[in-house]
Amino acid sequence: FMLLSTSEKFCRKIQSKTTPYLRSYHVTVNPYTWFTMDSLEDNWQSLLRAVKERDLMIEKETLRQEQREELRKAYAAQANKFSEWLETTKQKLTNNRYRLEDQRDLIESKHEEIKKKRAVLREIEVISF
């Protein structure tokens, strides 16, 4: 898309070339068209306003997308850390090389660790919305 200054310059350049040309004919009323110099001027001004509005909307959308990208990165970082922890925990809990007492102790310690990780999971959920 063209930036405001580029779009506006482009429109003004066209206007500056066409307006003097049209005025050189000194036509006040043309029975073959509804266009008058005043209506053409109004159309040019409407076009310039539309260009400015469009560029403002594009700028807002760009800012919104940049903010969403930052949220996506934050979410990915948190979710990846949590996923790694979850995978490590799963591997430790499914490893059958421990004695039963050691497995019980591990499960109890992981239970406490999981309680602490709930806050991290809530942060991830908040970022995702």
Side-chain angles (χ1 to χ4, degrees):
F1 70 90
M2 285 194 258
L3 296 175
L4 173 62
S5 60
T6 308
S7 301
E8 192 171 0
K9 285 177 186 177
F10 179 73
C11 289
R12 291 197 189 280
K13 183 177 179 182
I14 292 172
Q15 183 183 16
S16 69
K17 288 184 178 186
T18 57
T19 301
Y21 177 76
L22 293 173
R23 288 194 189 280
S24 71
Y25 288 101
H26 303 291
V27 176
T28 55
V29 177
N30 184 344
Y32 301 107
T33 183
W34 63 271
F35 286 108
T36 64
M37 284 308 296
D38 290 337
S39 68
L40 288 174
E41 287 292 327
D42 290 343
N43 285 339
W44 278 116
Q45 295 308 315
S46 295
L47 176 64
L48 290 173
R49 279 192 303 277
V51 166
K52 287 180 182 178
E53 289 173 11
R54 181 210 62 178
D55 288 344
L56 182 62
M57 288 172 47
I58 289 172
E59 189 177 308
K60 285 180 182 177
E61 179 62 20
T62 301
L63 179 61
R64 188 183 75 80
Q65 288 181 10
E66 287 170 356
Q67 291 170 340
R68 296 284 175 140
E69 180 65 13
E70 290 302 315
L71 283 174
R72 185 197 64 77
K73 287 177 183 177
Y75 174 83
Q78 290 285 351
N80 287 340
K81 278 194 256 179
F82 189 79
S83 177
E84 287 173 16
W85 173 83
L86 197 58
E87 191 62 34
T88 303
T89 301
K90 177 183 155 190
Q91 287 174 358
K92 286 181 180 178
L93 291 174
T94 58
N95 188 347
N96 291 327
R97 292 182 295 169
Y98 299 111
R99 295 178 310 136
L100 285 176
E101 292 81 12
D102 293 338
Q103 286 180 355
R104 185 196 68 222
D105 293 342
L106 178 64
I107 289 171
E108 287 175 357
S109 71
K110 290 299 175 184
H111 179 73
E112 292 303 316
E113 201 174 324
I114 289 169
K115 284 181 183 178
K116 293 176 184 174
K117 290 288 184 177
R118 283 186 183 161
V120 173
L121 186 56
R122 283 192 189 101
E123 286 178 30
I124 293 171
E125 289 173 344
V126 168
I127 291 172
S128 70
F129 294 111

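The figures here come from the full heavy-atom set of this structure, side chains too, leaving out hydrogens, waters and symmetry mates.
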Problem - Ile14 side, atom CD1; Leu47 side, atom CG - distance, nearest 0.5 Å - result: 8.0 Å

Handout entry: Lys17 NZ to Lys13 NZ distance, which is reported to the nearest 0.5 Å
Key = 4.5 Å

Problem - Worked verdict on Leu63 versus Gln67 for side-chain contact (heavy atoms from CB on, under 4.5 Å) - result: CA-CA 6 Å; Leu63 179 61; Gln67 291 170 340; 4.0 Å; yes

Handout entry: Step-by-step side chain to side chain donor-acceptor pair (under 3.5 Å) determination, Gln65 to Glu61
Key = CA-CA 6 Å; Gln65 288 181 10; Glu61 179 62 20; 2.8 Å; yes

Side chains of [X] and [Y] in contact at under 4.5 Å (non-hydrogen atoms):
| X | Y | result |
| --- | --- | --- |
| Glu125 | Arg122 | yes |
| Trp44 | Thr18 | yes |
| Leu100 | Arg104 | no |
| Gln45 | Gln15 | yes |
| Ile58 | Arg54 | yes |

Please list every donor-acceptor pair under 3.5 Å in which a side-chain atom of residues 73-81 meets a protein atom from a residue at least two apart or in another chain.
{"residue": "Asn80", "atom": "ND2", "partner": "Ala76", "partner atom": "O", "Å": "3.1"}

Problem - Stepwise salt bridge (charged side-chain N to carboxylate O under 4.0 Å, His left out) check, Arg99 with Asp102 - result: CA-CA 5 Å; Arg99 295 178 310 136; Asp102 293 338; 3.3 Å; yes

Practice task
Please answer whether the main-chain N or O of Ser16 pairs with a side-chain N or O of Thr19 as donor and acceptor at a distance below 3.5 Å.
Solution key: no

Handout entry: Where Ile127 and Leu71 come nearest, the two heavy atoms and their spacing
Key = CG2-O, 3.5 Å

Practice task
Write down the atom of Leu106, the atom of Lys92, and the distance for their closest heavy-atom approach.
Solution key: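 For Leu106 versus Lys92, the nearest heavy atoms are CD2-O, 3.4 Å.
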
Problem - Selection residues 24-46 - residue pairs positive for salt bridge (charged side-chain N to carboxylate O under 4.0 Å, His left out), sequence neighbours left out - result: Arg23-Glu41

Problem - Other residues, nucleotides, ligands: >12 heavy atoms within 6.0 Å of Arg64 CZ - result: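 Yes - once you tally the heavy atoms of other residues, nucleotides and ligands closer than 6.0 Å, there are more than 12.
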
Please list every donor-acceptor pair under 3.5 Å in which a side-chain atom of residues 111-121 meets a protein atom from a residue at least two apart or in another chain.
{"residue": "Glu113", "atom": "OE1", "partner": "Lys110", "partner atom": "NZ", "Å": "3.2"}
{"residue": "Glu113", "atom": "OE2", "partner": "Trp85", "partner atom": "NE1", "Å": "2.3"}

